[in-house]
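Owing to the predicted nature of the structure, the values given are computational and were not obtained by experimental measurement. Side chains are part of it too, since the values below use all heavy atoms of this structure and drop only hydrogens, waters and symmetry mates. We name chains A, B, ... by the order of the sequence lines, and we start the count at 1 in each one.
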Protein chains: 2
Amino acid sequence: MTIQPILEEFKKHLPFNDEEAALMENRVVQRKVKRRQTILQEGMICKHYSFVVKGCFRMYSIDEKGIEHNIQFAAENDWITDIGSFYSDTPSKLYIEALEPSVILQIEKLDLYFLYISIPKLVRIFKVIIEKKFVELQNRVLQNISSTAQQRYLSFVEQYSNLAHRLPSTQIASYLGITPEFLSKIRKELSSR
Amino acid sequence: MTIQPILEEFKKHLPFNDEEAALMENRVVQRKVKRRQTILQEGMICKHYSFVVKGCFRMYSIDEKGIEHNIQFAAENDWITDIGSFYSDTPSKLYIEALEPSVILQIEKLDLYFLYISIPKLVRIFKVIIEKKFVELQNRVLQNISSTAQQRYLSFVEQYSNLAHRLPSTQIASYLGITPEFLSKIRKELSSR
DNA sequence: ATTAGACCTTAAACTAGATTAAGTTTTTTT
DNA sequence: AAAAAAACTTAATCTAGTTTAAGGTCTAAT
């Protein structure tokens with residue numbers, strides 16, 4: 001079954017029976033994405049909720065000066081979408097790009113709405129998913145307004161150790177809101193102690 | 001009916017019928033909160049989801065140096081809770097304090113769970129509420145990693161003009177992640193142009 | 001196998017924002 | 001109404017992080 005990875009993930013919340021799984025299987029599409037390929041670009045309406053089976057993505061915005069700013073990473077068993085664009089059908093200001101060759105499972109908006117009605121507990125599951133992401137984001141805001149770049153780097157490495165050794169440091173710097181040059185300085189300082 | 005302000009707010013999502021309203025009325029408690037009084041403190045488990053009827057609150061954390069950092073404000077018709085502590089029954093690291101004499105409506109966790117079961121669309125409503133807050137928070141993260149303090153101040157004033165003229169500038173500085181002295185400098189610079 | 005394009009590092013000069021400190025005004029409490 | 005406490009401002013000094021620039025390494029594509 002294509003959606004097996006999603007079902008495994010849902011077991012942590014509220015497990016699905018065979019009938020529910022079959023309903024979902026019909027509405028989910030698997031897709032391969034090459035390294036550097038984008039699945040969302042500025043100006044597009046975000047049509048899908050995507051689940052990462054294999055690989056890694058970043059969501060970023062480009063400012064007036066042309067500089068990219070990483071808002072979020074998503075690796076195996078994580079969900080990624082521009083939730084604002086997705087639910088309100090407005091053009092996105094963001095990009096979602098594969099940082100590695102990847103495999104994802106995608107659900108379209110109307111299919112997700114159909115599933116919300118036919119499998120009511122799915123609403124509960126997606127509510128819990130977003131609540132967890134909300135808490136993570138809130139902690140990140142707190143860090144941003146209260147900590148130095150070094151402290152933020154250390155807690156990024158601690159919290160996302162799987163990502164930290166897998167991502168180019170340019171991408172991490174962009175996520176932390178500092179220049180790659182300064183991250184290099186921080187790393188040197190840390191290694192010399 | 002005590003919960004009238006909540007019902008008005010829900011009309012924007014999915015309106016309640018009389019029966020549903022009565023169920024909810026039984027599970028909601030009204031409470032007056034004095035200026036500077038806290039409804040949540042570090043170490044406590046956050047027991048309530050709170051709806052602001054009148055007044056204004058801030059949620060903040062205190063760092064090792066004793067400095068307070070504002071994570072969120074909530075004024076009329078907004079919800080406030082430490083969602084991490086509330087759903088996982090873990091001690092909070094945050095404070096919620098009234099910045100003005102206030103009136104709130106509170107729902108306890110078990111009551112909310114009862115209502116989620118007896119009024120299924122309530123799950124949908126709270127999912128949408130948190131999704132909107134998620135988008136706001138994501139924009140704030142983007143601002144924090146990509147903009148100067150002046151730009152962040154200007155977009156705070158634009159987005160929350162109702163709050164901006166109501167809050168002491170110390171509180172705004174703490175929310176923006178800068179010192180009150182530097183905010184004063186920014187304001188002077190803006191007014192002289 | 002070679003070249004182009006990312007990626008990483010170092011270092012000097014610069015700037016946004018912090019810190020310290022002192023003085024003024026406004027608000028709150030008694 | 002007076003006293004205390006909180007809030008706002010200005011300015012000098014300091015520092016975390018940026019900018020610019022150059023050289024070096026690694027990876028990927030022809």
Side-chain angles (χ1 to χ4, degrees), chain A residues 34-38 55-56 58 60 63-70 97-101 143-157 163-193, chain B residues 33-38 55-56 58 60 62-70 73 97-102 143-157 163-193:
Chain A
K34 287 181 194 159
R35 191 177 129 90
R36 292 226 168 103
Q37 191 182 336
T38 61
C56 182
R58 68 176 175 133
Y60 63 97
D63 70 19
E64 349 47 84
K65 290 181 192 157
I67 300 169
E68 300 174 0
H69 303 279
N70 287 344
E97 183 197 67
L99 291 167
E100 303 172 1
Q143 288 249 337
N144 282 337
I145 64 174
S146 68
S147 306
T148 63
Q150 191 183 83
Q151 293 171 317
R152 278 181 280 144
Y153 173 65
L154 286 172
S155 47
F156 175 78
V157 172
L163 285 175
H165 71 260
R166 190 171 168 181
L167 297 171
S169 73
T170 356
Q171 297 301 336
I172 297 175
S174 167
Y175 178 91
L176 295 175
I178 58 177
T179 59
E181 292 83 358
F182 191 54
L183 179 53
S184 182
K185 205 170 172 178
I186 289 172
R187 280 180 153 175
K188 192 186 175 191
E189 221 172 287
L190 288 171
S191 68
S192 75
R193 275 198 276 118
Chain B
V33 187
K34 287 181 193 158
R35 191 177 130 87
R36 291 224 170 103
Q37 189 182 338
T38 62
C56 182
R58 67 177 175 133
Y60 64 96
I62 302 186
D63 70 19
E64 351 45 84
K65 290 181 193 157
I67 299 168
E68 300 173 0
H69 302 280
N70 287 343
F73 296 117
E97 183 197 68
L99 291 166
E100 302 172 0
S102 302
Q143 289 250 336
N144 282 337
I145 65 175
S146 67
S147 307
T148 63
Q150 190 183 85
Q151 291 170 317
R152 278 180 279 142
Y153 173 66
L154 285 172
S155 44
F156 174 79
V157 172
L163 285 176
H165 70 261
R166 190 172 165 180
L167 297 171
S169 72
T170 355
Q171 297 301 335
I172 297 174
S174 167
Y175 177 92
L176 296 174
I178 58 176
T179 58
E181 290 85 357
F182 191 55
L183 179 53
S184 182
K185 204 170 171 180
I186 290 172
R187 282 180 151 173
K188 191 185 172 188
E189 219 172 291
L190 288 171
S191 68
S192 75
R193 272 197 281 118

Below 4.0 angstrom from OP1 or OP2 of C:dA6, is there any side-chain N or O of A:T170?
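The answer is no; no side-chain N or O of A:T170 sits under 4.0 Å from OP1 or OP2.
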B:K188 side chain near D:dA11 phosphate (N/O to OP1/OP2, under 4.0 Å)
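Answer yes for this pair, as a side-chain N or O of B:K188 is under 4.0 Å from OP1 or OP2.
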Both distances under 3.5 Å, Watson-Crick or G-U wobble: on that basis, could you give the dot-bracket string for DNA chain C, with [ ] for crossing pairs and | for other-strand partners?
|||||||.||||||||||||||.|||||||
Under a 4.5 Å cut-off applied to non-hydrogen side-chain atoms, are [X] and [Y] in contact?
X	Y	result
A:R35	A:L99	no
B:Q171	B:F73	yes
B:Y60	B:E68	yes
A:L190	A:L154	yes
B:T170	B:Y175	no
A:N144	B:I145	yes

Send over the distance from [X] [atom1] to [N] [atom2], rounded to a whole Å.
X	N	atom1	atom2	value
B:N144	C:dA16	CG	C1'	15 Å
A:Q150	D:dG17	CD	P	9 Å
A:L167	C:dC7	CG	P	11 Å
A:Q37	D:dA28	CD	C1'	17 Å
B:I172	D:dT9	CD1	P	11 Å
B:L190	C:dA16	CG	P	14 Å
A:R166	C:dC7	CZ	C1'	19 Å
A:L99	C:dA6	CG	P	14 Å

Answer yes or no: is there a donor N or O on one side and an acceptor on the other, between the side chain of [X] and the main chain of [Y], under 3.5 Å?
X	Y	answer
B:S102	B:C56	yes
A:E189	A:I186	no
A:S174	A:N70	yes
A:T179	A:F182	yes
B:T148	B:Q151	yes
B:S146	A:D63	no

Residues from residues 175-187 of chain A lying under 4.0 Å of DNA chain D - heavy atoms
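Residues of residues 175-187 of chain A under 4.0 Å from DNA chain D: A:G177, A:I178, A:T179, A:E181, A:F182.
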Pairwise N/O distances under 3.5 Å, protein to nucleotides 28-30 of chain C:
residue	atom	partner	partner atom	Å
C:dT28	OP1	B:R35	NH2	3.4

Give me the distance, rounded to whole Å, that separates C:dG23 from D:dA6 when you measure between the C1' atoms they each carry.
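Roughly 15 Å separates the two C1' atoms.
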Separation between the P atoms of C:dT29 and D:dC8, rounded to whole Å
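That atom pair is separated by 16 Å.
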Nearest-nucleotide 5' precedence on DNA chain C, A:Q171 against B:T148
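It is A:Q171, whose closest nucleotide lies nearer the 5' terminus.
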